[in-house]
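Heads up: the structure comes next, in structure tokens.
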Amino acid sequence: MAEASIPLLPTGFYAIDVVYEKLQLPTVTAKAFGILLEYMYTGQLKVTCQDLSDVYRSARKLGMKGAMKECIELLSVTTEDFQNMVYLYVTARQLKQWECTNRAFKLLVVSFERLVMTKQFLDLEVEQILELFSSNELGARR
């Protein structure tokens, strides 16, 4: 849950009389809020594949349409944006969308040589990398 103290300045009061109230966002994690706060300041959404679904849900909850659009664009997969397949795979897996996870997984395995050259590959968790290596198509099993 993200929390922030926000000064409330009633009309006619000076900064000395600032009263702080806590704003609680129970469905927004501190990490997602930090990513979205940076987005508000810089206009750049810097999100890893592991955080994408949480950031999208938080942006949706906060009504941040620009951030939501950028999250969705990261899930678009074209031959030019192959690295986005990692975002699709991880997000579908987190959301337990198994059919989509399996399709993304198969495409990652087929293009494994390209995959390992991307920054997004480095964002995968150990069990996700092991899952890729255990694929019959890679032939890395013992």
Query raised in the report: Is a donor on one side and an acceptor on the other found under 3.5 Å between the side chain of D54 and the backbone of A32?
Result: no

Report task. Measure from the side-chain N and O atoms of T118 to the backbone N and O of F121, and report whether any donor-acceptor pair falls under 3.5 Å. Result -> yes

Requested in this report: Decide salt bridge (charged side-chain N to carboxylate O under 4.0 Å, His left out) for E131 and R93; before the verdict, give the C-alpha distance in whole Å, the side-chain angles of both, and the deciding distance to 0.1 Å.
Outcome: CA-CA 12 Å; E131 184 178 8; R93 194 169 186 247; 3.4 Å; yes

Report task. Given side-chain contact (heavy atoms from CB on, under 4.5 Å), test F105 with L132 step by step and report yes or no. Result -> CA-CA 8 Å; F105 178 80; L132 285 166; 3.6 Å; yes

Report task. Report yes if some heavy atom in the side chain of Q50 is under 4.5 Å from a heavy atom in the side chain of V90; otherwise report no. Result -> yes

Report task. Classify the angle between the aromatic ring planes of F133 and F112 as parallel (below 30°), tilted (30 to 60°) or perpendicular (above 60°). Result -> perpendicular

**Report entry** From L107 atom CG to R103 atom CZ, the distance as rounded to the nearest 0.5 Å
**Finding:** 9.0 Å

Query - Pairwise side-chain contact, L36 with V55, heavy-atom cut-off 4.5 Å (strictly under) - result: yes

Report task. Using the rule that two of Ile, Leu, Val, Met, Phe, Trp, Tyr join whenever any of their side-chain heavy atoms come within less than 4.5 Å, decide whether M64 and V47 are in one cluster. Result -> yes

Query raised in the report: For the atom pair CG (L75) and OH (Y87), what is the distance rounded to the nearest 0.5 Å?
Result: 9.5 Å

Requested in this report: Take T91 and C49 through the test side-chain contact (heavy atoms from CB on, under 4.5 Å) and record every step on the way to the result.
Outcome: CA-CA 7 Å; T91 302; C49 58; over 6 Å; no

Query raised in the report: Same cluster or not: are V116 and Y89 linked, directly or through other Ile, Leu, Val, Met, Phe, Trp or Tyr residues, by side-chain heavy atoms under 4.5 angstrom apart?
Result: yes

Query raised in the report: At what distance, to the nearest 0.5 angstrom, does SG of C100 lie from CG of L88?
Result: 4.0 Å

Requested in this report: List the atom of E125, the atom of Q128, and the distance in Å for their closest heavy-atom pair.
Outcome: N-OE1, 2.8 Å

Query raised in the report: Is there a side-chain contact (heavy atoms from CB on, under 4.5 Å) between M85 and Q120 once you walk through the steps?
Result: CA-CA 9 Å; M85 183 58 65; Q120 289 75 13; over 6 Å; no

Query raised in the report: Can you tell me if CD on E113 sees more than 12 non-hydrogen neighbours from other groups inside 6.0 Å?
Result: no

Query raised in the report: Is it true that V86 and Y56 fall in one hydrophobic cluster, defined by side-chain heavy atoms closer than 4.5 Å?
Result: no

Query raised in the report: Which residue pairs pass the side chain to side chain donor-acceptor pair (under 3.5 Å) test with at least one member in residues 37-48, sequence neighbours excluded?
Result: E38-K46, T48-D51

Query - 4.5 Å side-chain heavy-atom contact, L95 and R57 - result: yes

Report task. Report the distance from atom CG of L45 to atom CG of L52, rounding to the nearest 0.5 Å. Result -> 8.0 Å

Report task. Treating Ile, Leu, Val, Met, Phe, Trp and Tyr as nodes and any side-chain heavy-atom pair under 4.5 angstrom as an edge, say whether I129 and M117 lie in one connected cluster. Result -> yes

**Report entry** Closest contact, heavy atoms only, N84 versus S76
**Finding:** ND2-O, 3.0 Å

